[in-house]
S.K.: 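This is the structure I have questions about; it appears just below.
Only this structure's heavy atoms are used, side chains among them; waters, hydrogens and symmetry mates stay out. Note that the coordinates shown come from a computational prediction; the quantities given were computed from them, not determined experimentally.
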Amino acid sequence: MQRKKIKMQFSDVMFRILAVFMTLLILFPFAWLILSSLKTNAEYYVQPSPFFPSDPQWDRYAYVFIDLSFYRYLVNSIFLAAACVVLNVVSSSFVAYGMARFRFKGKGIVFTVMLMTMFLPAQVSFIPQFLIFDRLEWINTYLPIIVPQLFGAAANILLVSQFMKAIPKEMDEAAMMDGCNSFAIWFRIILPQSVAVLIVVAISAFLGSWKDSMSPLIYLRDEELYTVPVSLMYFQAPDQNSYLLLLTGVVISIVPTLVVYVCLQKWMDKGIFIADLK
């Protein structure tokens, strides 16, 4: 018994050491990114480059954020991400409610077609979408980026519908006896119980919108409308200083995603766990 206990303690210690090592391995690139953004040109390009900057260039952050108007690109990205989150969550939950709760002719075909869209590369639809939005005179506006979110995403619909199927239908019947219609049941009964999985959808929509560089690059023309990923492309000038400005912009762009993840981590873990059980 004592030998078995010693083996368990040894395996637990080895697991903790491995976990710490993997954590440091994952965090190392982020540490290198932050420290490199604070280096001078001479420190960054010298070989071998020092890991820690001797004279941190904190003024570079103020220069990028204010003088280069990076705050404007952050506001644009936050606006688009917020719009995409709201529309994606509402539309995905609404469609998932119909797929999970109602029976109608051709439901299997609709569900199959929806799943097939998950295997269709997004680049395939860029040309026809551009032609449609150009006819609608939506180019150089946010509409081509926001409007498609009204139709939800197949992966999110599938995730939410599987979660909603596990909610007892007796609750729907009880609500109908109290005079609720289908919309009221969705809004008052189903949505409050699906908060965990909807948080997962919201985080997925936020990250998808935040890191999207292709759509803004195709549809936006004015610099005032640029998002963070597009603006970072223009930091890549051939001179040495611009590369350090790019690193600074990347560090700033990571902050909102970290804030969102830290604030919603508990809900995200819970939502993934519950969705996996269902």
Side-chain angles (χ1 to χ4, degrees), residues 26-27 29-30 33-34 65 70-97 114 117-118 120-123 125-126 129 141-164 187 190-220 224-233 248-276:
I26 294 173
L27 292 178
F30 294 97
L33 176 65
I34 296 173
F65 192 78
F70 199 78
Y71 67 90
R72 179 194 303 162
Y73 310 133
L74 282 174
V75 171
N76 294 341
S77 290
I78 292 174
F79 168 75
L80 280 178
C84 291
V85 166
V86 173
L87 295 178
N88 212 308
V89 168
V90 173
S91 59
S92 296
S93 62
F94 194 75
V95 175
Y97 172 65
M114 182 187 68
T117 60
M118 296 174 59
L120 184 67
Q123 292 79 2
S125 61
F126 276 142
Q129 283 183 349
T141 68
Y142 290 141
L143 291 177
I145 303 174
I146 295 177
V147 171
Q149 304 301 322
L150 289 171
F151 303 97
N156 294 336
I157 294 173
L158 177 62
L159 177 64
V160 179
S161 64
Q162 294 301 314
F163 184 90
M164 290 182 176
F187 187 75
I190 303 300
L191 284 186
Q193 298 188 66
S194 306
V195 172
V197 73
L198 293 180
I199 291 294
V200 178
V201 173
I203 294 177
S204 175
F206 176 84
L207 294 178
S209 173
W210 190 264
K211 66 182 182 180
D212 182 21
S213 60
M214 187 65 68
S215 297
L217 188 63
I218 292 175
Y219 298 119
L220 302 180
E224 295 182 354
L225 300 177
Y226 284 170
T227 58
V228 168
V230 178
S231 66
L232 290 177
M233 295 181 181
T248 305
V250 171
V251 173
I252 297 175
S253 67
I254 293 175
V255 174
T257 58
L258 290 178
V259 172
V260 170
Y261 182 78
V262 170
C263 294
L264 302 179
Q265 180 183 8
K266 181 182 70 174
W267 286 100
M268 185 177 182
D269 295 340
K270 180 180 178 181
I272 294 176
F273 175 73
I274 295 176
D276 183 64

S.K.: Could you give the distance from CZ (Arg72) to CG (Leu225), rounded to the nearest 0.5 Å?
M.R.: 9.5 Å
S.K.: Would a 4.5 Å heavy-atom cut-off, applied to side chains only, mark Ser93 and Leu191 as touching?
M.R.: yes
S.K.: If we ignore hydrogens and angles and just use 3.5 Å, is the side chain of Ser77 paired with the main-chain N or O of Leu74 as donor and acceptor?
M.R.: no
S.K.: Check whether any side-chain heavy atom of Tyr142 lies under 4.5 Å from a side-chain heavy atom of Leu220, and answer yes or no.
M.R.: yes
S.K.: So, do Ile254 and Leu33 sit near enough that their side-chain heavy atoms are less than 4.5 Å apart?
M.R.: yes
S.K.: Would you please test Thr248 and Val251 for side-chain contact (heavy atoms from CB on, under 4.5 Å) and show each step?
M.R.: CA-CA 5 Å; Thr248 305; Val251 173; 5.8 Å; no
S.K.: Under 3.5 Å, is there a donor-acceptor pair between the side chain of Asn156 and the main chain of Val89?
M.R.: no
S.K.: Quick check: are there more than 12 heavy atoms from other residues, nucleotides or ligands sitting under 6.0 Å from CZ of Phe187?
M.R.: no
S.K.: Over all heavy atoms of both residues, which pair between Met114 and Ile157 is shortest? Give the atoms and the distance, please.
M.R.: SD-CG2, 3.5 Å
S.K.: Between the side chain of Ser253 and the main-chain N/O of Pro229, is any donor-acceptor distance below 3.5 Å?
M.R.: no
S.K.: Hey, could you give me the CD1/CZ distance between Ile190 and Phe94, rounded to the nearest 0.5 Å?
M.R.: 12.5 Å
S.K.: Working to the nearest 0.5 Å, report the span between CE of Met214 and CD1 of Ile145.
M.R.: 12.5 Å
S.K.: Please evaluate residues Lys211 and Thr257 with respect to the criterion side-chain contact (heavy atoms from CB on, under 4.5 Å), reporting the C-alpha separation (whole Å), side-chain torsions for both, the decisive distance (0.1 Å), and the verdict.
M.R.: CA-CA 10 Å; Lys211 66 182 182 180; Thr257 58; over 6 Å; no
S.K.: According to the interplanar angle, ranging from 0 to 90°, do the rings of Trp210 and Phe206 count as parallel (below 30°), tilted (30 to 60°) or perpendicular (above 60°)?
M.R.: parallel
S.K.: Rounded to the nearest 0.5 Å, what separates atom CG in Leu87 from atom CG in Leu150?
M.R.: 5.0 Å
S.K.: Can you tell me how far apart OG (Ser194) and CD1 (Ile199) are? Round to the nearest 0.5 Å.
M.R.: 11.5 Å
S.K.: Which heavy-atom pair separates Phe79 from Ile146 by the least distance, and what is that distance?
M.R.: CE2-CD1, 4.1 Å
S.K.: With a 4.5 Å limit on heavy-atom distance, are the side chains of Ser92 and Asn88 in contact?
M.R.: yes
S.K.: Is there a side-chain contact between Tyr219 and Gln129 (heavy atoms, below 4.5 Å)?
M.R.: yes
S.K.: Does the side chain of Leu232 reach to within under 4.5 Å of the side chain of Tyr73, using non-hydrogen atoms?
M.R.: no
S.K.: Does Leu207 reach the side chain of Ile203, with side-chain heavy atoms less than 4.5 Å apart?
M.R.: yes
S.K.: Got more than 12 heavy atoms from elsewhere within 6.0 Å of CZ, Phe126?
M.R.: yes
